[in-house]
Each structure stands twice: as C-alpha cells, then as structure tokens.
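To keep things clear, I will list the structure first and then write my remarks on it.
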2 protein chains.
Amino acid sequence: MATLKDIGVELGLSPATVSRALNGFPEVNVKTRDKVREVADRLGYRPNRVAQRLVTGRSGMVGMIIKIRADMSADQTFFEMLTGLTAALGAHDVDLVLAVDQDDDPVLPYRKLMERDILDGFILNAPVPDDPRVAYLREKGIPFVMHGQTGPDVPYACYGIDNAAVSQDAVQLLSSLGHKRIALVNGQLRYAYAVDRLGGFQAAMAAEGLPVPAAFAASDAETEMQGYTIGLAMLSGRDGVPPTAIVCASTLIAAGVIRAVKDRGLRVPQDISVMAHDDALPLMDPVGLEPALTVTRAPLRDACVPLAALMVAHIKGAPAEQQVERAALIVRASTGPAPKGGESPWP
Amino acid sequence: MATLKDIGVELGLSPATVSRALNGFPEVNVKTRDKVREVADRLGYRPNRVAQRLVTGRSGMVGMIIKIRADMSADQTFFEMLTGLTAALGAHDVDLVLAVDQDDDPVLPYRKLMERDILDGFILNAPVPDDPRVAYLREKGIPFVMHGQTGPDVPYACYGIDNAAVSQDAVQLLSSLGHKRIALVNGQLRYAYAVDRLGGFQAAMAAEGLPVPAAFAASDAETEMQGYTIGLAMLSGRDGVPPTAIVCASTLIAAGVIRAVKDRGLRVPQDISVMAHDDALPLMDPVGLEPALTVTRAPLRDACVPLAALMVAHIKGAPAEQQVERAALIVRASTGPAPKGGESPWP
DNA sequence: CAAAAAAATTAAAACGATTTGAAAATAGAA
DNA sequence: TTCTATTTTCAAATCGTTTTAATTTTTTTG
C-alpha cells in the first residue's frame, strides 16, 4: 500500500508537501498539487486511517446503541436510520460501531462502549423526557448528537422535527375544513416526540377554541392492529360523540384507523377525515392507502445527513447546535370538509 | 490519559520495559512487573488502541453486514448474534462495525466496507449454497469466518452445527418410537442450513427404510402462522395419508404446527409427535409450549465465543479452521410412541 | 538591482504504542 | 577476584500521518 513517502520519492517532494497537496491546503503550488494528485491516483494511494487517527487524536468512530424491544426485534425506523447513517457518516470517513441495549439501565451500554476507548462520540435516538443518557453523557463530557429532542430549548446538539408543530399543522388544516371534534391517536407517551405531539395538539385545539375530551387523545399505539382497535373504540361513541377527524402518529396506525372506519360502514373522508405523520419508511406508503393519506411528512432518512454533519462538527469541537425542522404538510384525499350536521351519522 | 512514558517516568523505567511488563513478557523482572502493574492501575492507564493498531498493522475491527428483509426488519437471530458477538469480540479488544445490505448484489456492501480500509475481516452469517460472498472474499484474500457452512468440507474458516445430523437425530428418535410417516417442515431452502437439513432428513429416512412423500418435506416456513398453515395442510390428508410425526425447523414453526394439530382436534403426542430444532432464542421457550417440546438444541448465543476466537486467530494469520458441532437432543413431552393402527385416526 | 514581501517547500517533532539490537546489571564459574 | 553467562533494561527505530517552525524560492517593490 502506497504511503505519502512513496509519492514524495516519486516526485522529489517531502511527505509534508504531499500531505498538504492531497488535503487541499492553499499554500501548495497548483502545479505540484496536480502532479501529486496524479501520482496518488496512479499508485492507488489511500491514507492510512489509523495513522491519521493517531495524530489527530480522533478515532473516527461513533457509537450507537440499539434499544431492542421485548420481542428481541428492532423496528423499521432503526434500520432506516442505520442505513442512512452509515452512508452519511462514511462520507465524513467516520464509522459506526453498534451495541445492543438489553439491560434495564439505559446508561450502561454507553458506559461500556466508551470504556473501550475507541469512540469519538455517540448518536442517540428515541429520546424520552429527562433522558438519563443525556445526563450521563453531558456529565462525562462525551460528545453526542440526538435525533430529536427531549424537550424545548435543550442544551445539547440535536436534529429533529418540531413535533408540536406537526400536531398544530394537522389541527389547523382540519379546523380550516370545519372539523370541530378532532381526535389524536398518539404514539407511546414515554417518548418525547409523543409528549410534544400531545402538547402541540392540546395547544392548537385550544387556539382554535376547540375542546379536547380525554378519549380524543389516545396513546400507546404502534401497530396497525392497535390503530384499528383504538379507531373502533373512538367510533363506538362509548366515550362520547365520536370525532369527525382523526390525527394519527404514523401511517401504520392510520391504516388501522381507516380500516376501522370502513368496518364501521363509514367513508373516508366524507364521514371521517384521517391524517397522519409520515416518516417515509419504505414499506408504508401513504399514497397506496385507500384513500391516499394526508400527512405531515419528514423522511427519517433525510435526517441522517445533517445528523452526521452535526456529529462530525461536534467532535471537532464545534459548539452544540440545535436544528429543528418543520415537517411538510401534504394534503391528499383522506381529509375533507367536516360533514354537515344533516349529513353526519351523529348529531 | 496516562501513557507508557508516564508510567516509565514515575518508576525510572523506559517505555519499552513498561510495555513488556504490562504485556507479560518473560524477560522482565517479577518485581518490576508488579511495580509497573501497580502504577498503571493507580494512573488508570489504558493503552491507546489507535497507537497499538498503527504499529501492529491491524485495525482491531471486523465487519458484519445485516441482510435486512423486504419488510425492513431483521429477525431475532440477528440481534441474538449481534449481542453475543459484540461481547465475545470485545473480550479480544475487537470491535464490530455494521452496515446494512439493501441491494440486490450481496457482495457490494462487503466491498464498500472493505474500501474504507479499516477492517481486519468479516463475520458472515446465513450462508447460502455457493455463497457469492465466499467467492469474493476468498479471491480478495480478506479474512472471514462464517457462522454455518455453505456445504460439507468447505475451505474457509467456519463454526456451526451439523445440520444433516440435526435431521438425522430427529428421524432416528421418531423412528425408534415407531413412527413411519415422518414429515419435515423445513426453513427456506435458499439457506444452506435448510438444504443440509433436508438432505439429512432424506438420508436418514432412507437409512431407516422409510419413504418420503414430497408433501412431507415442506419448505419456506419462518413464522408461527406459516407453521400453522403448513400443519393444517399436512393434516388435511389432501396430499395423502397424514404423518404421525412432524419435525420443524424452529420452535416458532413448531408452535404453529402444534396449534394446527390441536385445532384439528388431535393430541400431541398421542396422535401426532412434534419436535423442532431450538436455537434457544430468548422469547421462544420450547418448555413453555403445551406440551413441552422435544428439540435438537444448539444455542445461537453459544456460537459467538468460538466464532470470535476463530476470527481473531484467523486475522493473526492462523489457518482457516472448520468447527462443526453436534446439536444436543433433548426429549420432552411432545414426542411419544407412534399411534397403534387401531388408535390412529388414520389407517 | 537590491531589499523586502510573499509563496512554496521542507525538516523535524509529534501521536503512543511495539520491537530490535545493544548495553547494563546480575549471577555463576573458574 | 576475574571472566563468562544470563537476566534485565534501555535507546532508538518503526508504523504513516499531521503540523509547527524554519528555510528556501519566487515575486514584488522602491
């Protein structure tokens, strides 16, 4: 394997100049730079990463812990992130080391991996309110970037979407269509994103002057089947007059809710409008649903590039930066005007 | 962070001696060794992995590619291996870098990861017959260890169980119990393990002088539901006289098959004996089934330690070694004597 | 054209470990 | 004691890169 010295010998240059030339330093002559590049190409030069890491003091590796579920599986979102992150980090010559979290103590796997002395930092996901991992990593001064936020105005590096705005956009859209009874089928409240969505939902409803019956803000839904079950329950009228519009935490849940609406003999969107937040996961296509699903959309995969950039910058000493994007609102066929009094199956 | 030099200064020793002392070289005085160890402990010395790697020429990292399924999930077995391998490799100071395979070309992710110049080798799993990854890695001279084998007498390093023997043990047990119509609900035939199980099954049946109707060697089962469906089909008699014993590829499939047997109004093991191969995955407990399941057993997790050892040895230049273990046979309540002619629901 | 300024290059140190070959300390034998 | 063996230790080289400070070369300026 060719080294900087080999290239230098070939051209009568010192390794220092060769290094500078290849790294695009401004003080190297354009002609020498081109010659160096050419010889490097010809010799198939590839920098020795380990040597680079020794001198820069950085290992070029970041860690990520997979929190596996009780059924020993991880969800689609994890692989989506993993795929995107390995690519995005690779572009910065950074590699991803994974470990599995199977313990009760959420901090332990981070400590264990850090003790191996090979990591520059961590990428965290699925933040929970008052995340203990944040406390630990901040205390130890270990760089990390969070996908999402544990709450508003956090003091650490993170990238995510404004989940309160997700609910707000949904409520405003539906309210503008004349809906007054709007329900939220939320994700698990132990996650910060679901807390934010709920908060945004309640705030937006209040801002629109609409009340929120408790049964209209259901939580803990994750699967199509759960969406179906919760949908049926909401439509049963057991807990009061059913909603005319339902906002779902994911397209998967929305699929279940739509199934429930249809099974009840009702139509989407004529009787009930349904919408959801869409992470753009490969297998859950909101357009493939019948009818095509109105969504707030923020592809999970898109988060990987900025996350990797934030991570790399942070490792190099840049101050922690918070980036909060707003999800796009895409109106399709599953939302429509609220049924008029006379048309509605309910008073 | 303390270095070798720091320890040397403290004791008036050279870094060379300190290095030798900590690495247990014989030519260092016992007293100095103890003193060095003590100071190293006190200073919290931890060797700089990157520096070690630069001088030894090894990166201390091995790669593994996750083959995710069409539904963007990976199965329990993957996480089981991942958990075990990170621990087992960690004991050798080796770390695991993961990447996701989402392409048609099974070799591409290996090439991509190798081009990053940071890996000492790969750990492969889920071998298929004539695995193209094997061809590629052998051609490039990249060290790897396979969990399992692509066939008998392979020329590369591997660790796994004898899958032909798994079927053989099952057939011999059932045959000794008087069963003559024994069926196999196999895994997906694109995997080498399923091919071996089928081969072993047919050979063992032949050795026992028993015929194998085509419908008795079903493939492509992976889930409980598939086990149930195939079980029902086999018991329907549509494809000939049903079996009196069913050998399943996994405990999950066996759970489905047992459910099918019960739904048909039959009893396990009085009417039908059921057994399976057990990878000892955390959530599928064969003893929890009703009745407790007879199995051939080889915990997946147990394979991780020898796999890691093989990998490390191979990287250090040891010749490729093949280790094929035999699964244990554990007889429980789900297998019993074949029903006598008069007792059987079939002729 | 000489002096000063700017540009380009280099030698050498550094990162922190391992390892080779030589030197020092100790032990044993004569 | 003296000489030789044997342990034990050390100085220095090495791995391949980056970076600092110094030096050389080129260009600009008065």
Side-chain angles (χ1 to χ4, degrees), chain A residues 1-37 39-40 43-61 92-94 116-120 312 315-317, chain B residues 1-37 39-40 43-61 92-95 116-120 315-317:
Chain A
M1 186 99 293
T3 69
L4 286 185
K5 207 166 79 178
D6 298 336
I7 301 177
V9 167
E10 183 117 347
L11 289 165
L13 290 171
S14 74
T17 307
V18 177
S19 170
R20 285 197 168 75
L22 290 174
N23 291 311
F25 278 56
E27 66 264 39
V28 58
N29 193 316
V30 194
K31 277 175 70 175
T32 23
R33 171 157 55 70
D34 292 345
K35 275 191 295 185
V36 167
R37 290 243 169 96
V39 174
L43 295 180
Y45 170 78
R46 299 233 286 284
N48 182 319
R49 304 260 170 241
V50 177
Q52 279 181 327
R53 288 162 186 190
L54 178 60
V55 68
T56 58
R58 275 175 250 121
S59 75
M61 300 177 24
H92 294 274
D93 276 331
V94 169
R116 300 200 30 62
D117 282 333
I118 45 149
L119 293 188
D120 292 334
V312 170
I315 288 170
K316 288 190 180 155
Chain B
M1 186 99 295
T3 69
L4 285 186
K5 207 166 79 179
D6 298 336
I7 301 177
V9 167
E10 183 118 348
L11 288 166
L13 290 172
S14 75
T17 307
V18 177
S19 170
R20 285 199 166 74
L22 291 174
N23 291 312
F25 279 55
E27 65 264 36
V28 58
N29 193 318
V30 193
K31 276 174 72 174
T32 25
R33 173 156 56 71
D34 291 346
K35 276 192 293 185
V36 167
R37 291 241 170 98
V39 175
L43 264 42
Y45 169 78
R46 300 233 286 284
N48 182 319
R49 303 260 171 244
V50 176
Q52 280 181 325
R53 288 162 186 190
L54 178 60
V55 68
T56 58
R58 274 175 249 122
S59 76
M61 298 175 26
H92 295 274
D93 276 330
V94 169
D95 297 287
R116 302 202 27 63
D117 282 334
I118 46 149
L119 293 189
D120 292 334
I315 288 171
K316 287 190 181 156

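Throughout, a chain's letter reflects where its sequence line sits, starting with A, and its residues are numbered from 1.
Between the CD atom of B:Q52 and the P atom of C:dT18 there is a distance of 5 Å, rounded to whole Å. Summarising the geometry, the separation between CG on A:L13 and P on C:dA8 is reported as 13 Å, rounded to the nearest angstrom. Straight-line distance from the CG atom of A:L11 to the P atom of C:dA8: 17 Å, rounded to whole Å. Rounded to whole Å, atom C1' of C:dA7 lies 14 Å from atom CZ of A:R33. If you take CZ of B:R53 and C1' of C:dA17, they are 12 Å apart, rounded to a whole angstrom. Remark: C1' of C:dC15 and CE of B:M1 are 15 Å apart, rounded to the nearest angstrom.
Of the inter-residue distances, the one linking B:R20 atom CZ with B:R33 atom CZ reads 14.0 Å to the nearest 0.5 angstrom. Here CG of B:N23 is found 7.5 Å from CD of B:Q52. Values are rounded to the nearest 0.5 Å. Taking CE from A:M1 and CG from A:L43, the interatomic distance works out to 9.5 Å, rounded to the nearest 0.5 Å. Rounded to the nearest 0.5 Å, atoms CG (A:D6) and OG1 (A:T3) are 3.5 Å apart. One distance of note links CD of B:E27 with OG1 of B:T17; it measures 9.0 Å at 0.5 Å rounding. Atoms OG and CG, from A:S59 and A:D120 in turn, are 3.5 Å apart once rounded to the nearest 0.5 Å.
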Between the protein and nucleotides 19-28 of chain C, list every N/O to N/O distance that falls short of 3.5 Å.
residue, atom, partner, partner atom, Å
C:dT20, O4, B:R20, NH2, 3.3

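Regarding contacts with the backbone of C:dT18, a side-chain N or O of B:N23 is found under 4.0 angstrom from either OP1 or OP2.
Test A:R53, A:R58, A:R49 against A:D93 for salt bridge (charged side-chain N to carboxylate O under 4.0 Å, His left out) and you get one pass: A:R49. The one candidate from B:V18, B:L13, B:L11 that meets the side-chain contact (heavy atoms from CB on, under 4.5 Å) condition with B:T32 is B:L13.
Within the 4.0 angstrom heavy-atom criterion, no nucleotide atom of any strand lies near B:G8.
Using a 4.0 Å cutoff to heavy atoms of chain A, the contacted part of DNA chain D runs 5' to 3' from D:dG16 to D:dA21.
When the nearest nucleotides of DNA chain D are assigned to A:A2 and B:V28 by heavy-atom distance, the more 5′-ward of the two goes with B:V28.
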